[in-house]
Novice: 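Dropping the structure in here first, questions after.
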Amino acid sequence: MNIHEYQAKQLMADMGIGVLGGLVASSPQEAQEAAEKLGGSVWVVKAQIHAGGRGKAGGVKLAESLEEVEAHAKEILGRSLVTHQTGPQGKEVLKVLVEQGCRIACEYYVGIVLDRTCGRLTMMASQEGGVEIEEVAQKSPEKIIKVQISPSVGFSPSVGRKLAYGIGITEGSEVKEVTKFFKGLYALYTKYDCTAAEINPLVKTKDGQFIALDAKLNFDDNALYRHGEIEALRDPTEESAVEHEAKEHGLSYISLDGNIGCLVNGAGLAMATMDIISLHGGSPANFLDVGGSATKEAVQKAFSIILSDEKVKAILVNIFGGIMKCDIIAEGITAAAGELALKVPLVVRLEGTNVALGKKILGESGLDIIAVDDLKDAADKAVKAAKEFKKG
């Protein structure tokens with residue numbers, strides 16, 4: 001789950017992390033009023049969408065008068081902002097953050113992720129702040145300082161010092177101050193079960209303060225049941241209506257550009273299924289994971305969601321039954337196919353718990369199903385079926 005920058009900064013402020021004063025506005029007039037309330041003579045008007053690269057796309061504007069704040073807000077609000085993370089369709093801007101300006105001395109990058117190669121949280125920092133960190137990682141990886149954090153010890157002052165020295169902060173009081181900043185970010189990450197926490201840039205102001213000039217927080221969907229205050233920050237306007245509907249039924253769905261609908265159980269199997277479809281010359285239309293405890297009704301809903309995409313020319317069901325039983329999937333498939341008058345080719349591969357019963361249900365359903373046992377064969381048949389359906 002993602003949240004907006006202004007929401008992330010409020011959470012950071014609550015943890016003692018330095019942020020600038022800011023107010024959210026939904027109209028040019030509100031933006032001007034926000035700037036007036038904040039005071040000062042310089043403000044920044046920032047588009048609020050769930051995507052990076054807003055500055056390059058024209059979604060971040062500096063204003064030196066109240067009239068300029070209003071003009072920038074008018075220019076940004078209602079616009080479809082296209083960044084490297086939105087795709088060519090862009091995202092419509094419905095809110096802007098009006099923030100106080102500051103005098104910047106230095107810009108840095110800091111972030112926390114789980115490094116799965118070592119099974120530990122890893123804090124990263126770089127002197128290359130304010131630019132796309134992916135480019136830095138690719139072209140100059142030595143400029144990114146990484147420190148792994150022991151789960152038995154947690155954040156310690158030595159972690160902060162290593163990061164500070166690594167990005168050229170050596171003066172005693174500044175090392176102490178930025179270490180508090182790093183500690184606060186770590187505390188926030190662990191408290192709310194984040195999957196990523198990123199500040200780019202972290203700035204040192206002319207008067208020596210460390211401020212999060214931008215903020216990005218991602219959260220583990222599976223942990224939201226214990227963080228109602230985070231769940232409440234979800235913005236449905238940032239999700240497609242179909243993806244939002246899928247979440248309400250316990251399904252994980254992401255729309256893609258291809259023509260082969262995918263219904264699987266487990267994110268890893270979903271990725272593998274999409275990869276093997278691509279390997280056989282096809283293109284997946286979606287990522288749809290029914291999870292391990294889906295009901296017959298949830299499977300029916302999954303089918304209706306897949307078929308709501310007019311680009312879908314074939315469906316590949318790839319289920320490995322562990323917790324999720326093959327007969328439940330089969331019942332859902334037959335019910336959905338009958339209810340929705342399924343017309344596109346349907347390729348089904350079932351393995352695992354109750355597979356024999358699942359295959360029996362499908363075999364006796366009277367449906368025109370292409371049943372396969374091998375994933376490679378399933379992908380090959382799905383790609384061919386989609387091409388033939390397109391011709392027909």
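Below, each value reflects all heavy atoms present in this structure, side chains not excepted, and no hydrogens, waters or symmetry copies.
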Novice: Between N354 and L357, is there a donor-acceptor pair closer than 3.5 Å when you use the side chain of the first and the backbone of the second?
Specialist: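 Side chain of N354 to backbone of L357, a donor-acceptor pair under 3.5 Å: no, none is there.
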Novice: Salt bridge or not for D380 and K376, using N-O below 4.0 Å?
Specialist: no
Novice: Can you confirm whether K247 is buried at NZ, in the sense that more than 12 heavy atoms of other residues, nucleotides or ligands lie under 6.0 Å from that atom?
Specialist: yes
Novice: Look at the side chain of N286 and the backbone N and O of C262, then say whether any donor-acceptor pair between them is shorter than 3.5 Å.
Specialist: yes
Novice: In Å and rounded to the nearest 0.5 Å, what is the CG to CD1 distance from L342 to I369?
Specialist: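 One finds 8.5 Å between CG of L342 and CD1 of I369.
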Novice: Evaluate Q138 against E134 for side-chain hydrogen bond (donor to acceptor under 3.5 Å, both in side chains), listing each step before the verdict.
Specialist: CA-CA 6 Å; Q138 185 176 15; E134 294 85 358; over 6 Å; no
Novice: Does atom CG (D207) have a neighbourhood of more than 12 heavy atoms from anything else shown, all under 6.0 Å?
Specialist: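 Count over threshold, so yes.
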Novice: Nearest 0.5 Å, what's the CD-OH distance between E128 and Y108?
Specialist: 11.5 Å
Novice: So Y109 and E198, side-chain hydrogen bond (donor to acceptor under 3.5 Å, both in side chains) or not? Walk me through it.
Specialist: CA-CA 8 Å; Y109 166 89; E198 186 177 58; 3.0 Å; yes
Novice: Is it the case that over 12 heavy atoms from other parts of the model lie below 6.0 angstrom from the CD atom of Q89?
Specialist: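 Counting neighbours around CD of Q89, more than 12 heavy atoms of other residues, nucleotides or ligands fall under 6.0 Å, so yes.
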Novice: I'd like to know if the side chain of Q300 reaches the main chain of G332, judged simply by a donor and an acceptor atom lying under 3.5 Å from each other, with no hydrogens or angles considered.
Specialist: no
Novice: Assess whether atom CD of E231 is packed by more than 12 heavy atoms of other residues, nucleotides or ligands within 6.0 Å.
Specialist: yes
Novice: Output yes when a side-chain donor or acceptor of D193 lies under 3.5 Å from a complementary backbone atom of F219, and no otherwise.
Specialist: no
Novice: Look at K301 together with E245 and state whether they make a salt bridge at an N to O cut-off of under 4.0 Å.
Specialist: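 Looking at K301 and E245, the cut-off is met.
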Novice: Is there a donor-acceptor pair closer than 3.5 Å between any side-chain N or O of E107 and the backbone N or O of P201?
Specialist: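 Judged by distance alone, no pair lies under 3.5 Å.
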Novice: Yes or no on salt bridge (Lys or Arg N to Asp or Glu O under 4.0 Å) for D309 and K311, after CA distance, side-chain angles and deciding distance?
Specialist: CA-CA 5 Å; D309 184 350; K311 300 192 302 294; 3.2 Å; yes
Novice: Quick one: ring-ring contact (aromatic ring centres under 6.0 Å, His included) pairs with a partner in residues 187-207, sequence neighbours left out?
Specialist: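 Applying ring-ring contact (aromatic ring centres under 6.0 Å, His included) to every pair that reaches into residues 187-207, excluding sequence neighbours, yields Y192-H227.
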Novice: Measure from the side-chain N and O atoms of Q209 to the backbone N and O of G18, and report whether any donor-acceptor pair falls under 3.5 Å.
Specialist: no
Novice: Is the count of non-hydrogen atoms from other residues, nucleotides or ligands lying under 6.0 Å from K359 atom NZ greater than 12?
Specialist: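 More than 12 heavy atoms, drawn from other residues, nucleotides or ligands, come within 6.0 Å of this atom.
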Novice: Verify, without hydrogens or angle tests, whether E132 (side chain) and E135 (backbone) share a donor-acceptor contact under 3.5 angstrom.
Specialist: no
Novice: Okay, side chain of S140, backbone of V136: is any donor-acceptor separation there less than 3.5 Å?
Specialist: no
Novice: Is it true that E388 and K384 make a salt bridge, defined as a side-chain N closer than 4.0 Å to a carboxylate O?
Specialist: no
Novice: Counting N and O atoms only, with roles assigned by atom type, does the side chain of H249 sit under 3.5 Å from a partner on the main chain of A302, one being a donor and the other an acceptor?
Specialist: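 Absent.
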Novice: What closest approach, in Å, do C194 and L217 show between heavy atoms, and which atom pair accounts for it?
Specialist: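 Answer, listing the atom of C194 first, then L217: SG-CD2, 4.4 Å.
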Novice: Give a yes or no on this: more than 12 heavy atoms of other residues, nucleotides or ligands lie within 6.0 Å of atom CD of E142.
Specialist: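 Counting neighbours around CD of E142, more than 12 heavy atoms of other residues, nucleotides or ligands fall under 6.0 Å, so yes.
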Novice: Does a sphere of radius 6.0 Å around CE in M15 hold more than 12 heavy atoms from other residues, nucleotides or ligands, not counting ones at 6.0 Å or beyond?
Specialist: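 Atom CE in M15 is packed in, count exceeds 12.
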Novice: For a side-chain hydrogen bond (donor to acceptor under 3.5 Å, both in side chains) with E5, tell me which candidate from R54, K95, K216 qualifies.
Specialist: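 The passing option is R54.
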Novice: Using modelled atom types only, decide if a donor and an acceptor are shared between the side chain of K313 and the backbone of V383 within a distance under 3.5 Å.
Specialist: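 It does not hold such a pair.
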Novice: Using the side chain to side chain contact (heavy atoms under 4.5 Å, CB included) criterion, which residues pair with H244? Sequence neighbours excluded.
Specialist: P236, E239, E248
